[in-house]
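Quick caveat, the model's predicted, so the values are computed rather than measured. In what follows, every heavy atom counts, from backbone to side chain, and hydrogens, waters and symmetry copies are set aside.
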Amino acid sequence: MTESLYFNIVSFAGREASVSVRGLRIEAEPNPNLNPRTTPSSAAKPMGSSSKKRSSVAEEQTLATDDSPKPLNKKSKSTAVSGDGQQETSVMPMERKKKRKALDKERHRTSSQPQPKLVASESKPVPSTAGGALPEFHIGVFKDLAAASEAAREAAAKQMVTELKAVQSAYDAREEKENGEGGFKLEAEKDDGLDNCAPSVRYAVRRLIRGVSSSRECARQGFALGLTVLAGTVHNIKIESFLKLVVNLLEVTSSMKGQEAKDCLLGRLFAYGALARSGRLTMEWNIDKNTPCIREFITVLISLANKKRYLQEPAVLIILDVVDKLPVEAVVNHVLEAPGLHEWFEAAIEVGNPDALFLALKVREKICIDSSLFGKLLPNPFNSSELFSADHLSSLSNCLKESTFCQPRVHSVWPVLINILLPNTILQIEDAASASNSLKKHKKSRKSSSSDEEIARNLRSFCEIIIEGSLLMSSHDRKHLAFDVLFLLLQKLPASLLPVVLSYKVVQCMVDALSAKNTWLFKVAQHFLKQLSDWVGDDDVRRVAVIVAIQKHSSGKFDRATRTKHVKDFMSQFKTEPGCMLFVQNLINLFVDEGNAVEEPSDQSQTTDENSEIGSIEDKDSPRSNGNSEFLKSWVIESLPSILKFLKLDDEEKFRVQKEIMKFLAVQGLFTASLGSEVTSFELQEKFRWPKSPTSNSLCKMCIDQLQLLLANAQKGEGSRPLANSTEPNDLGSYFMKFFGTFCNIPSVSLFRSLDDADQKAVKSLQAVEARLSREERSHDCNTDANKLHALRYLLIQLLLQVLLCPGEYAEAASELVICCKKAFSGSDLPESSGEEDVEVDDAPELMDVLVDTLLSLLPQSSAPMRSSIEQVFKYFCGDITDDGLMRMLRVIKKQLKPARHPDTASVSDDDEDDDDFINIEDEIDQAETGETGESDGQTDDSESVVEVEEADHGHSEASDDSDSGMDDDAMFRIDTYLAQIFKEKKNHAGGETAHSQLVLFKLRILSLLEIFLHENPGKPQVLMVYSNLAQAFVNPHTAEVSEQLGQRIWGILQKQIFKAKDYPRGDGVHLSTLESLLEKSLKLASKPFKRQKSKQSAALNRQKMVSSLAQTSTFWILKIIDSRNFSQSELEKIIQIFRDVLVGYFENKKSQIKSGFLKEIFRRRPWIGHAVFGFILERCGSAKSDFRRVEALDLVMEIMKSLTSGNSDEQNASKKILKNSLDKLSHLMKELATNLPSKAARRSEVQKFYVKALEILSKLNLTKHYFKALAPDTEAALAAQLGDQFITLKKLEK
């Protein structure tokens, strides 16, 4: 019995918090801020004064030590303080005084007697009397019942019921209860109905009832637990007496304050809950089938529920607790027949009582019997179709709307409704079926059973009437409730029914809430989306359903409207091929099935298609070219290829996904069905569908653009490799061309637009050549030719799509590209040409020249995928590019639209003049020599005379006086053709991009080709040509004025692809004359004075630094190339002369910007240059007009002298010879420095350091004696005067 009792305690303790909290918002943990309140039967404040505390302590001591009737009878009239903080029934002041006197006497009497040993400090037992001993009962357990610890409350309840059960058993065994009863009473004589209970039990019952109304710590939970186990264990407690005591002890009067009345009401609720949990009602019914206790219990609970709104739901839960324990017969005959319950049901719909509906549903679930006692809450006869019918749900909407009072908790009625709406059996069945069937294409949908159809119909009715019609159309609280109910639905919802739940109004409510971050509903919608994401998890079927539902009802604008990335994040989580294929099929159905598109009004401000001008006038005027449907279709088109960005599949799986996407884009973008909207291809063994309304030209263009992008991405990520289980190559381009050819041969299918003869011929020619190249590619192993063929094939495919996209614009380019393919692979089985193409011309241009011209003609208006294919072709063919073809590209880079201020037509074709204008600095150098400042020349540019693009290759100017001799007249003006092609699309568009921006864009695209050339051919002599022209374009100030991006791009190519490349130009093709010319211009650029601009000083300064850095870096790079060729000393004489000329300007022109540190670095890296100009520097330094230049040049002299001391013995002998031959000049320099000392002390210090270091180096080379012989006496005296002891020390070294 003890063990079963213990489990009963634990069972209640596990559930007590939930019972007490649901609907009441009562804290399960102690709240120190809540003070104990008095009950209606307690007039005095609990624990209010020290006298009352002493009274309580004395009372407990009396109970523990003396069981005589007299003090106990006196105490029964006193105000006893309970352990829960409540006091007993109030008494008159005179009675209170009498009680104190009696207690004082008793305390005085007990103090004079020896004190017995206490059982426990807090638990004082009630000892047995001399005649008929009763077990002890420790009333200290009441204090532990209010403890915060759940374990302490359980232990106290267990101890209490164990002791009271023993007391009651002993009391029942006494023969003469009447004579000795007074000695055991702990209360005064009262008509409480507990006549058969022992005094301790009666005291415990009353105290427990009072305790459940206390809000101190966890008294309410602990005393309810004790009351439950006591009522369930001691059967002498009559139910009628119990109910009467609850009302009497916890009576609510008009004089009570709000909190006091609330405590009493909650106390009643917990007392009734304790009785229901004890199981006594079921026991009573088992004993007496006609017992009135159940009806009375239900009636008092209904009466209590009507007092306050917050009492209704917990009262219903208590009733349901009783219903769960009773058999069906008892529920029907006693619970439903209870007075007041029928009236409560009848008034529920009118007043909006969700608790009555909750009770009705749960009772009906228990008894499974139709009854009119439920009133209009439940249909009669009851079934789910009638319950969720439109009429019945409309009548229940008021009840359900009023369930928001218990937020943020969801009312208990909602889970019950959802369990009826969505039985547990459909979840796994439906999801498994939808997953397996949705991945099988072109098969009939699974026939739903009648129950499935009924569930879907009920769910749709529930969502339309309750969610959309009642909650979403009401306050923010009810919108919050709607999202909570939707989440409850999701937990049991199969993916196939998600579109019913995520309806248009639900999605629009989410969009509205997420669009305003400062509203209360924003976090609610965010939380729901997180729950939705958690519900999706790793289930691709659910993910597809969510994406389609959200985008369908937001017209593809969910992320844009909410400024979030929820849809994008959902799409990025596809990891498997079946999931991707399912998503693709659903998007295709969404595009094609227009009947399912939403027709609700929405914001029309975002439905304008910015590409609508590409369509015809009829398309612009038609309503189908605008609206949300158009925007949704555009989202479908853009989303399909984007799936592949996040996929990590193997090649075979990815190829299958690419094929499905490609077929959709090709069918919807390139073709239309002339008969109906469906076509079956027997060759492809597949059925294809179109929307019933014709697709607009703007959507067709979008399909073609995405198709080009798909093919370009496929080209980057695959090669022509066979699949694992197939002989077909893993080549999306080849599959597309076969698919395109098959569709063109279907009679009932036509292209989406008509083509003229030239375009039709171009399309057929491109198809034929691509087919031949495809066969040729498969015959080659993975080598260079196979790569060339592969790149050409994809360019042909992209060009075919461009011909279809822009009729009349690409036919000529297609013809030229076909010719290039024929000449490039003349031995291949390519289709024969006819007509003018067969005529052989002796002076026909080179193949690469024609190919370059064709590629350049395609660049201006090409799309990104087309440019990618062009770059791939150029990558594999650039190794064979001619100088003329390369020069055509470089001319475009240097092309300017701004005319020259002083044009000189005579010099346009003069190569020599062009050679002199490579860096275009001569004018400013001359101006600097005459003393003109930069400010006096208002518009002097870095390369002022560079206007036309007539510069030729300097590296090959000696071989040919005319770099354009290999081109005919048409080729000479081909650049103008390119430019005309750039501007023809923009000349009639007001507000369009300027000609400069279009030219800059064209230049950037050509720079990408040049970058590819430099990367693939870093060691070719043609790199010098590219460098010279790019350097000239960068130095030209017009480049920076027009586009900073263009200048940065040229700078990046020069630095990364030329100066820092892994290789540099080598071989006999690198001519010394070319290197000399480039070196001279680089050094002149480093010396060139820059104009000071009053405005934009920071930008001008940055540009000056970049140009200076370019000059220095290019000089080092050219010298590295010269060193690698191992030219003879006589051949390098021109190089030495160039440096002498630079040094002349350095010493004589104070405007020269060349830095001594730059020259010093040159001498350090290339010592042979310093050795060759050593004497020249000494001579110029001695005759320098400026003290600054003379002192600065001493670093150059010292750097050269240091290099002369390094090396092996042979090299040192040669160095010694060089220095010995220059001693006279060195002595002269010393004389000049000694006789003409600088005026500034810092410079004089530098001169003295030079003396010392120079003499040390001479001493190291044993040239001190020769030096002093060459030194004039006056110079020696001046040095001695300046150096003092250092000079004497150095001179001693001579000896």
Side-chain angles (χ1 to χ4, degrees), residues 921 925-926 928-931 1076 1079-1080 1082-1089 1111-1112 1115 1119 1132-1204 1215 1217-1240 1243-1244 1246-1251 1253-1255 1257-1258 1267 1270-1272 1275 1278-1279:
I921 57 169
I925 294 293
D926 294 338
E929 291 176 355
T930 59
E1076 292 170 351
L1079 178 63
E1080 181 179 7
S1082 295
L1083 291 173
K1084 285 184 178 180
L1085 181 62
S1087 306
K1088 182 182 73 68
Q1112 295 179 16
T1115 300
L1119 289 175
L1132 295 175
E1133 186 60 34
K1134 179 72 179 295
I1135 302 295
I1136 304 302
Q1137 185 59 41
I1138 291 173
F1139 277 97
R1140 290 195 183 102
D1141 295 339
V1142 172
L1143 290 171
V1144 170
Y1146 173 73
F1147 285 109
E1148 297 183 358
N1149 185 2
K1150 64 180 181 180
K1151 296 294 183 181
S1152 176
Q1153 294 295 317
I1154 198 166
K1155 306 298 181 183
S1156 63
F1158 169 52
L1159 294 174
K1160 184 178 178 180
E1161 183 66 18
I1162 292 176
F1163 297 155
R1164 187 187 67 81
R1165 294 188 183 190
R1166 313 295 168 197
W1168 59 271
I1169 299 177
H1171 298 169
V1173 298
F1174 180 62
F1176 183 81
I1177 292 177
L1178 291 175
E1179 181 180 349
R1180 287 290 178 175
C1181 185
S1183 61
K1185 299 178 182 179
S1186 170
D1187 287 344
F1188 172 75
R1189 291 295 193 194
R1190 180 186 291 116
V1191 175
E1192 193 179 46
L1194 294 179
D1195 286 340
L1196 301 179
V1197 175
M1198 189 53 57
E1199 181 65 33
I1200 297 174
M1201 293 181 70
K1202 288 180 180 178
S1203 66
L1204 291 172
S1215 300
K1217 182 178 180 181
I1218 294 172
L1219 191 56
K1220 188 174 182 180
N1221 293 334
S1222 302
L1223 286 178
D1224 292 338
K1225 296 179 181 179
L1226 181 61
S1227 300
H1228 177 72
L1229 175 60
M1230 293 283 192
K1231 178 182 179 181
E1232 290 294 328
L1233 293 173
T1235 56
N1236 298 305
L1237 285 175
S1239 58
K1240 294 184 178 181
R1243 294 177 182 174
R1244 290 197 299 269
E1246 292 294 328
V1247 171
Q1248 290 180 357
K1249 292 179 181 178
F1250 171 74
Y1251 289 157
K1253 291 180 180 179
L1255 291 175
I1257 292 175
L1258 291 174
Y1267 170 72
L1271 195 64
T1275 305
L1279 290 174

Side-chain heavy-atom pair [X], [Y] within 4.5 angstrom cut-off:
X	Y	value
Thr1115	Leu1085	no
Phe1188	Arg1243	yes
Asn1221	Lys1217	yes
Leu1119	Ile1169	yes
Ile1218	Ile1200	no
Gln1153	Lys1155	yes
Met1198	Ile1257	yes
Cys1181	Phe1147	yes

- Message: For residues 1158-1168, which residue pairs pass the salt bridge (charged side-chain N to carboxylate O under 4.0 Å, His left out) check, not counting sequence neighbours?
- Response: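 Residue pairs with at least one partner in residues 1158-1168: Asp1123-Arg1166, Glu1161-Arg1164, Glu1161-Arg1165.
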Compare every heavy atom of [Y] with every heavy atom of [X], then report the nearest pair and how far apart it is.
X	Y	value
Pro1089	Lys1151	CB-O, 3.6 Å
Lys1225	Gly1175	CD-O, 3.5 Å
Tyr1146	Ala1193	OH-N, 4.2 Å
Asp1187	Pro1238	OD2-CA, 4.0 Å
Val1197	Ile1177	CG2-CG2, 3.8 Å

- Query: So, are Glu1148 and Arg1189 salt-bridged, with charged N and O less than 4.0 Å apart?
  - Reply: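 Here Glu1148 does not pair with Arg1189 in a salt bridge, since their nearest N and O are not under 4.0 Å apart.
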- Item | Residues in salt bridge (charged side-chain N to carboxylate O under 4.0 Å, His left out) contact with Glu1246, at least two apart in sequence or another chain |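 Counting only residues at least two positions away or on another chain, Glu1246 forms no salt bridge (charged side-chain N to carboxylate O under 4.0 Å, His left out).
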Determine all donor-acceptor pairs shorter than 3.5 Å in which one atom belongs to a side chain in residues 1137-1144; sequence neighbours excluded.
| from | atom 1 | to | atom 2 | distance (Å) |
| --- | --- | --- | --- | --- |
| Gln1137 | NE2 | Asp1141 | OD1 | 3.0 |
| Arg1140 | NH1 | Glu1133 | OE2 | 3.3 |

- How would you list, by chain and number, every residue that makes a side chain to side chain donor-acceptor pair (under 3.5 Å) with Ser1203, sequence neighbours excluded?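 Scan of Ser1203 (side chain to side chain donor-acceptor pair (under 3.5 Å), adjacent residues dropped) gives His1171.
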- Who are the side chain to side chain donor-acceptor pair (under 3.5 Å) partners of His1228, not counting sequence neighbours?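 Scan of His1228 (side chain to side chain donor-acceptor pair (under 3.5 Å), adjacent residues dropped) gives none.
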- Quick one: do Val1191 and Phe1250 satisfy side-chain contact (heavy atoms from CB on, under 4.5 Å)? Show the steps, please. CA-CA 9 Å; Val1191 175; Phe1250 171 74; over 6 Å; no
First locate atom [atom1] of [X], then atom [atom2] of [Y], and finally report the distance between them rounded to the nearest 0.5 Å.
X	Y	atom1	atom2	answer
Ile1162	Glu1199	CD1	CD	11.5 Å
Gln1112	Ile1154	CD	CD1	8.0 Å
Met1201	Leu1194	CE	CG	11.0 Å

- Would Leu1258 and Leu1226 satisfy side-chain contact (heavy atoms from CB on, under 4.5 Å), going step by step from the backbone distance to the final call? CA-CA 11 Å; Leu1258 291 174; Leu1226 181 61; 4.0 Å; yes
- Who are the ring pair (Phe, Tyr, Trp, His ring centres under 6.0 Å) partners of Phe1158, not counting sequence neighbours?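 Partners of Phe1158 under the ring pair (Phe, Tyr, Trp, His ring centres under 6.0 Å) test: Phe1116.
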- Task: Start with the C-alpha gap between Asp1195 and Leu1159, add the side-chain angles, then the distance that decides, and say whether side-chain contact (heavy atoms from CB on, under 4.5 Å) holds.
- Result: CA-CA 10 Å; Asp1195 286 340; Leu1159 294 174; over 6 Å; no
- Evaluate the criterion side-chain contact (heavy atoms from CB on, under 4.5 Å) for residue pair Trp1168 and Leu1132; output intermediate values, then yes/no. CA-CA 10 Å; Trp1168 59 271; Leu1132 295 175; 3.9 Å; yes
